[in-house]
2 protein chains.
Amino acid sequence: MAPARTRADRPLTPAAQRVLDVAGDLFYRRGINTVGMELVAEQAGVTKKTIYDRFGSKEALVVAYLRARDARWRQWVTDAVDAEDDPVRRILATFDALAEWTDRENERGCAMVNACAELADPDHPGRAAARDQKEWLRGRYLELAAELGAADPARLADTLLILHEGAVVGRSVAELPGAIATARDAAARLLAAEG
Amino acid sequence: MAPARTRADRPLTPAAQRVLDVAGDLFYRRGINTVGMELVAEQAGVTKKTIYDRFGSKEALVVAYLRARDARWRQWVTDAVDAEDDPVRRILATFDALAEWTDRENERGCAMVNACAELADPDHPGRAAARDQKEWLRGRYLELAAELGAADPARLADTLLILHEGAVVGRSVAELPGAIATARDAAARLLAAEG
DNA sequence: CCACCACTATACCGAACGGTGTGGTTATGC
DNA sequence: GCATAACCACACCGTTCGGTATAGTGGTGG
């Protein structure tokens, strides 16, 4: 995973890294709009000036937060998929990866979905970051569907993505603790019918 | 559908109804946290005093917004389901209802999911409103699964709910225009395997 | 007639928001 | 030896936030 960078595309200074870590935690747990830059600065042991010197704006910090989190997530899923050989098990590994991910991270659902909810402006670059993550996962599913030799790889990829996203919402909003297992199970049945 | 009510559980005054309509539109399109009471008052042609006299607080207005929207949604789904006779078609009618709903309402996803993203406090009554909606839909699916004579109605209901929620996210965040059709299709295949 | 209700208009509150400017300290590297 | 980068502390900007207070208007029902 390439290290995160700021506006001038230079590696993060130590203080900037602390800011990004703190912002990631606060934005996710309390919401982007309800967390002020003053709080981020205080929690990171940094002045607001430093944040604005390194990131330029709150919007840019939000985007950096989403990109960094996305990078972590992609690595997490990639590692889980790469640990398996069988095409079916590689696909199902994404659901296991999600289960473990949501076990350690808290019960606040998908950061990208939450960001889209908070960033109403359709041109906000944070929305593009969220879309990119979903597009990436769909692309992974598309590759895996091709590996499997699915009759309609695109349809299968879309369906898997929908099950994946639905599981996250089912768990966090509908408060179904077994949502991810249920989605995995449905995916397994669809794959059995496919192959 | 019972008319919405405010804190003293009395029917809404004309101005209060206007406030609720305007708030519903603004909260959904621009987000709850980014819309101030001053803007709601202005758009409704009402003073802030009137809003606070009728609703008591922003939190209460938010809850009234979510409850009213939920009531509309439940009626919409109920009507669609009631129009069909065959158990399978009754289930699939919920996806058709969703497709029509999201066609008229804009591309901002599920108001309940968005509200959960914005209301970080787990004890915020708005979160309970969101959970109640999902619980209701799951209950409907459970009834329909029983009608169908499914082998495992609970599992089927959970799976349908997951497909349903995943479709909304797939369409709004991942920007897959065919997400709802894909989810409906997956549901149809699972139902065929079930029955 | 008068009390009551719904409502308008306006001014105000303390707090927090995102963002900027000044000035000073420390550490690294040429 | 000296510039530069990275950081600190702190004061300040205008704006907006949720919420309150005051004063007054029009209509309805007892």
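Numbered from 1 within each chain, the chains take letters A, B, ... in sequence-line order.
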What is the distance, to the nearest angstrom, from the [atom1] atom on [X] to the [atom2] atom on [N]?
X: E42(B); N: dT10(C); atom1: CD; atom2: C1'; value: 15 Å
X: N33(A); N: dT16(D); atom1: CG; atom2: P; value: 16 Å
X: R30(B); N: dT16(D); atom1: CZ; atom2: P; value: 13 Å
X: R18(A); N: dA6(D); atom1: CZ; atom2: C1'; value: 11 Å
X: L39(B); N: dG18(D); atom1: CG; atom2: C1'; value: 14 Å
X: Q17(A); N: dA6(D); atom1: CD; atom2: C1'; value: 15 Å
X: D53(B); N: dT8(C); atom1: CG; atom2: P; value: 11 Å
X: E59(A); N: dC17(C); atom1: CD; atom2: P; value: 18 Å

Of the nucleotides [options], which has the atom closest to the [X] side chain?
X: K48(B); options: dT20(D), dG19(C), dC8(D); result: dT20(D)
X: M37(A); options: dG18(C), dC7(C), dC7(D); result: dG18(C)
X: Y52(B); options: dT8(C), dG19(D), dG18(C); result: dG19(D)
X: K49(A); options: dG21(C), dT20(D), dC7(C); result: dG21(C)

key: I32(B) or T50(A), whichever maps to the more 5' nucleotide of DNA chain D   =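 On the 5' side of the pair lies T50(A).
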task = Please figure out whether E38(A) or E38(B) has its closest DNA chain D nucleotide nearer the 5' end.
result =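 In this pair, the answer is E38(A).
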Report yes if a side-chain nitrogen or oxygen of [X] is closer than 4.0 Å to either non-bridging phosphate oxygen (OP1 or OP2) of [N]; otherwise report no.
X: T13(A); N: dC7(D); result: yes
X: K58(A); N: dG18(C); result: yes
X: R54(B); N: dC7(C); result: yes

ask   = Aromatic rings F95(A) and H164(A): how do their planes relate, parallel, tilted or perpendicular, breaks at 30° and 60°?
value =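 Tilted, since the angle between the ring planes falls between 30° and 60°.
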key: Sugar-phosphate, base or nothing in reach of V35(A), heavy atoms under 4.0 Å   =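 Contact class for V35(A): sugar-phosphate only.
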inquiry  = Testing the 3.5 Å rule here: is there a donor-acceptor pair between the side chains of N114(B) and E118(B)?
reply    =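 Side chains of N114(B) and E118(B): no pair found under 3.5 Å.
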request  = Return yes when atom CG of D85(A) has more than 12 non-hydrogen atoms of other residues, nucleotides or ligands closer than 6.0 Å, and no otherwise.
outcome  =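 12 or below, so no.
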ask   = Is there a donor-acceptor pair under 3.5 Å between the side chain of R18(A) and the backbone N or O of A44(A)?
value =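 At least one qualifying donor-acceptor pair exists.
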request  = Check for a donor-acceptor pair, side chain of R89(B) on one end and backbone N or O of E84(B) on the other, with a separation under 3.5 Å.
outcome  =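 Not at all, since once roles are kept as given, no pair shorter than 3.5 Å links the two residues.
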